[in-house]
Undergrad: 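Have a look at the structure that comes next, please.
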Amino acid sequence: MFLNNFILAASDPVVDWDLFQSSLWPMIQGGIQGTIPLTLISFTFGLLIALLTALARLSNSKILAGLARVYVSAIRGTPLLVQLFIIFYGLPNIGVVIDPFPSACIAFSLNVGAYASEIIRASILSVPKGQWEAGYAIGMTHRQALLRIILPQATRVSIPPLSNTFISLVKDTSLASLILVTELFRKSQEIAARTYEFLQLYITAALLYWIVCFILSLIQGRIEKRLDRYVAK
Amino acid sequence: MLVSVKGLHKSFGDLDVLKGIDLSIEKGSVVAIIGPSGSGKTTMLRCLNALEMPNKGTIQFQDEFNINFDAAPSKRDILTLRRKSGMVFQSYNLFPHKTALENVMEGPVIVQRKAKEKTKALAESLLKKVGLAEKMDLYPHQLSGGQQQRVGIARALAIEPELMLFDEPTSALDPEIVGEVLRVIRDLAKEGWTMAIVTHELKFAEEVADHVIFIDGGHIVEQGTPEEILKNPKEARTKQFLDRILNPS
């Protein structure tokens, strides 16, 4: 009986091109309406949180540094999926109801904030101490030296690891399908549930993610090259 | 006196590096600071613009500004002190993401909030003065050590400091290009800049300095004219130091 089914399934055409064509656009739409805005919004807010967290950890205030440390530890020490569920399914229990899309944005921003803060902190520390001193010596305040001298140099160092964070984020946004956000992977799930062509649809989804990430890694290379112009080869 | 330093103390943890430095720098004079490594000479220079924070003592600029380190000084006083002096570092510390011209313009434009166009003219004339008219648009990594150090000097001059501080400005350079940097410093001396120079170049000190300070063990052991200190030192430690430098091996 099982064997029979197996043979039956195997004798189906490997790729259903009609389905491929009809499913591709809805999936791309899911990407444009869900995956891309979710990624861009979360990364932007995430970087902002990350910069503030990194500065808090590097500051002289023990309270700020401690708070930042706890935040990073909590986010890095818990699964992203659990964080998503707490925000979307958990918070309504205490009367905080947030729509799927903003819930996902909050979870992903907090996540990026924690991981990227470590990257930013390390890249700030990688700038030689003499650079701070050269800034101070021409009369700069701490803030001027940070903004004009240190951060531009730290940025160059942080681009490769931050690009990795960004690319991971693109893929991680597929988790938002589990809190009802309409994005690329949820679209493929919906069509698969209707047609039972799980393999083909999920592989199509995987290919779309791959294409996006491939393009992003090309862009990463170009940015790195641009920022490298003042560094000895 | 342009600068009067009194009772300057600095320690790093348990290690006392400066044990009470008293020092005056006359306006328009060149002070050479010499001494063995670890004597505290670089720390002393860095205390003069609070890159190292002294633990005790005062620094007075003419009659107009006085900063006391017995208690932590205010941020404003530290900024005021720093804006009175320009510093040239042993390892140049140019901003690698800015061209030579941008390095020189950074202080006047960002710190002193001067107009960009005016500053550009000033920066160009300073780079010309140090012999880098052709290199203004290059990044530091495209310049030789001697060229980078000359940009460093122009950057320090650009904020029009009352006092120029040089921290072993030629120690990181190849011997054959030491001269091009010393030449620039010599020209500045002729123009009447007030300068404090930590250096190992005794011949240069003898020629350019008006006043030589010998530091050892966190104290000023001896000070006077180059003739007095370098030719006829009174203290045994000074003699020993000079002897080791002049007759190595």
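Every chain is numbered from 1 and lettered A, B, ... according to where its sequence line falls, protein lines coming before strand lines. Treat the numbers as computed from the prediction; the structure is a model and nothing was measured. Note: hydrogens, waters and symmetry copies are ignored here, and every other heavy atom, side chains too, is used.
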Undergrad: Hey, does A/Met140 have a side-chain heavy atom less than 4.5 Å from the side chain of B/Glu106?
TA: yes
Undergrad: Counting only heavy atoms from other residues, nucleotides and ligands, does the tally under 6.0 Å from CD of B/Glu134 exceed 12?
TA: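 Counting neighbours around CD of B/Glu134, 12 or fewer heavy atoms of other residues, nucleotides or ligands fall under 6.0 Å, so no.
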Undergrad: For residues B/Phe95 and A/Ile138, determine if any side-chain heavy atom of one lies less than 4.5 Å from a side-chain heavy atom of the other.
TA: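 In short, these two side chains touch, coming nearer than 4.5 Å.
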Undergrad: Is the count of non-hydrogen atoms from other residues, nucleotides or ligands lying under 6.0 Å from B/Leu15 atom CG greater than 12?
TA: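 Yes, CG of B/Leu15 has more than 12 neighbouring heavy atoms, counting only those of other groups under 6.0 Å.
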Undergrad: Considering only heavy atoms, which portion of A/Glu133 lies under 4.5 Å from any heavy atom of chain B: side chain, backbone, both, or neither?
TA: both
Undergrad: Taking side chain as C-beta onward, heavy atoms only, is A/His142 less than 4.5 Å from B/Lys75?
TA: no
Undergrad: State whether the number of non-hydrogen atoms from other residues, nucleotides or ligands found under 6.0 Å of A/Arg69 atom CZ is greater than 12.
TA: no
Undergrad: Identify which part of B/Arg46 has an atom lying under 4.5 Å from any heavy atom of chain A, answering side chain, backbone, both or neither.
TA: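 Contact with chain A is through the side chain of B/Arg46 alone.
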Undergrad: Counting heavy atoms not belonging to B/Lys114, are there more than 12 under 6.0 Å from its NZ?
TA: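 Check passes, neighbour count above 12.
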Undergrad: Nearest 0.5 angstrom please: B/Ile110 CD1 to A/Thr141 OG1, how far?
TA: 10.5 Å
Undergrad: If you count heavy atoms of other groups shown closer than 6.0 angstrom to CD of B/Glu26, is the number above 12?
TA: no
Undergrad: Heavy-atom count check: over 12 atoms from other residues, nucleotides or ligands less than 6.0 Å from B/Phe12 CZ?
TA: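 Count over threshold, so yes.
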Undergrad: Is B/Leu94 close to chain A through its backbone or its side chain, or both, or neither, when contacts mean heavy atoms under 4.5 Å?
TA: backbone
Undergrad: Can you check whether A/Ile150's main-chain N or O pairs, donor with acceptor, with B/His97's side chain at less than 3.5 Å?
TA: no
Undergrad: Can you tell me how far apart CG (B/Asn49) and OH (A/Tyr136) are? Round to the nearest 0.5 Å.
TA: 12.0 Å
Undergrad: Under 4.5 Å heavy-atom distance to chain A, tell me which part of B/Leu79 shows up: side chain, backbone, both or neither.
TA: side chain
Undergrad: Where do A/Gln153 and B/Pro96 come nearest, in terms of heavy atoms and distance?
TA: OE1-CG, 3.1 Å
Undergrad: Do any N or O atoms from the side chain of B/Arg82 and from the backbone of A/Ala137 form a donor-acceptor pair under 3.5 angstrom?
TA: no
Undergrad: Are any of the side-chain heavy atoms of A/Pro152 and B/Lys98 separated by less than 4.5 Å?
TA: no
Undergrad: Would you mind telling me which of B/Val111, B/Leu138, B/Thr99, B/Ile159 has the largest number of heavy-atom pairs within less than 4.5 Å of chain A?
TA: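 It is B/Val111.
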Undergrad: Check whether B/Ser85 gets within reach of chain A through its side chain, its backbone, both or neither, counting any heavy atom under 4.5 Å.
TA: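 Backbone only.
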